Amino acid sequence: MQNHLEVIKDFAETHVVALSLAFVAGASVLGFRRWMAGNVCRSKVRLDGKTVLITGANTGIGKETALDMAHRGARVILACRDMTRARIAADEIRQKSGNGNVVVKKLDLASLQSVRDLAKDIQESEERLDILINNAGIMMCPKWQTKDGFEMQFGVNHLGHFLFTNCLLDLLKKSTPSRIVIVSSLAHEKGQIHFDDINLDKDYTPDKSYRQSKLANVLFGRELAARLQGTGVTVYSLHPGVIRTELGRHFFPNLALWKRIIAIPLAMLIKTPWEGAQTTIYCAVDESLANDSGLYYSDCAPKKPAPQALDDAAAKKLWDLSASMVGLA
């Protein structure tokens, strides 16, 4: 035993610089990982007797958000396109939370008819809707079109949720105090609403489209909050963080091989879905936000969005354009 200790001591003394560098590097990585993880929602509020609807809740941060809502005792509605995966997710949420009141509904945000059908179903079958979480999204896909002919990312990320939310406003108002949570992204900071080419037919790139759709999310939340002032329905938009989810399935395979090799280990440093869901959960339940509306959040705290996301004229113009596109009176 003594010989082993002496060998270790000699090794440490002769490699002190290398060991010091390794320690500093390791501590730096751990510190960076902790910083990337962000803050956690500390609210212990219960949601017994309340109903929460989450779009895209069969995977990623949507699924983690649904699990948290179920743990709090809510009736949780998973509104998803892939019903098979949604049913599997619902079973898992029921088992983990002990809450059997988790239901699955069909929603394809790329189809306005599907949006209207589910909204009608919810209006007729649900007595209340306390929290609506617009979580579903698509990122960096090719130049695809929705079933109604809209550019896919703008159509799914913004227009589908715009129509769905407006169709459910009466039920949300009936259930006050109620909340609408819109999952946007830091990508909005480089976004621009191309009013003269909203479907980007003249100049489409996946990142340009994604940024436009995420800016539209924040502007929608801002205008919606203004229109709902005094109703008891509050609105929140947020950046969940950089997260290891399936959202990048259209983006990652198109990277150069060397970029993918680098990205794989770096992915271990970014947020897990549970960590990424914390700001959504915070906006949905935290008591301190009860009287706030129309603000933007990141890491469970208010954050000032990009200047173009504070443009009230652009927010109203986008609202009018969106209403015209989806046929909303």
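Source: prediction; values computed, not measured. Position 1 is the first residue of the sequence, and the numbers go up from there.
Applying the 6.0 Å contact sphere to NZ of K190 captures no more than 12 heavy atoms from other residues, nucleotides or ligands. Within a 6.0 Å radius of CD in Q123, more than 12 heavy atoms belonging to other residues, nucleotides or ligands are found. For D201, the CG atom sits in a packed shell: over 12 heavy atoms of surrounding residues, nucleotides or ligands are nearer than 6.0 Å. The neighbour count for E287 CD, taken as heavy atoms of other residues, nucleotides or ligands under 6.0 Å away, is above 12. Applying the 6.0 Å contact sphere to NZ of K120 captures no more than 12 heavy atoms from other residues, nucleotides or ligands. More than 12 heavy atoms of other shown residues, nucleotides or ligands fall within 6.0 angstrom of atom NZ in K143.
In terms of heavy atoms, C141 sits closest to Q153 at SG-CG, 3.6 Å. Between A79 and L53 the shortest heavy-atom distance is CB-CD2, 3.9 Å. Among all heavy-atom pairs drawn from S288 and Y282, the shortest one is OG-OH, 3.9 Å.
Side chains of Q192 and Q308 form no contact here, defined as non-hydrogen atoms less than 4.5 Å apart. Residues L112 and F150 form a side-chain contact, since some pair of their non-hydrogen atoms from C-beta on lies under 4.5 Å apart.
A continuous path of hydrophobic side-chain contacts links I138 to I182 [ILVMFWY only; heavy atoms under 4.5 Å]. Note: the hydrophobic cluster containing V52 also contains L289 (ILVMFWY, side chain heavy atoms under 4.5 Å, direct or indirect links). Clustering ILVMFWY residues whenever any of their side-chain heavy atoms sit less than 4.5 angstrom apart, transitively, puts L328 in the very cluster that holds F164. Under the 4.5 Å side-chain heavy-atom criterion for ILVMFWY residues, a single connected hydrophobic cluster contains both M325 and F195. L186 and L310 are members of different hydrophobic clusters when ILVMFWY side chains are connected at heavy-atom separations under 4.5 Å.
For D320 and K316, the salt-bridge test passes: some basic side-chain N is under 4.0 Å from an acidic carboxylate O. The pair D311-R222 fails the salt-bridge criterion, with no side-chain N (NZ, NE, NH1 or NH2) lying under 4.0 Å from an Asp/Glu carboxylate O. D170 and K174 are not joined by a salt bridge, as no carboxylate oxygen comes within less than 4.0 angstrom of a charged side-chain nitrogen.
No side-chain donor-acceptor contact under 3.5 Å links N217 to the backbone of S237.
Taken to the nearest 0.5 Å, the SG atom of C167 stands 10.0 Å off from the CG atom of L118.
Under 3.5 Å, the side chains of T280 and N135 contain no donor-acceptor pair of N or O atoms. Side chains of Q113 and D117: a donor on one and an acceptor on the other come within 3.5 Å. Side-chain contact of D108 with S114: a donor-acceptor pair under 3.5 Å is absent, judged by distance alone.
The aromatic rings of H158 and F220 lie perpendicular to each other, with more than 60° between the two planes, well past the 30° mark.
Annotation: Y296 is in aromatic contact with H188 [ring centroid separation under 6.0 Å].
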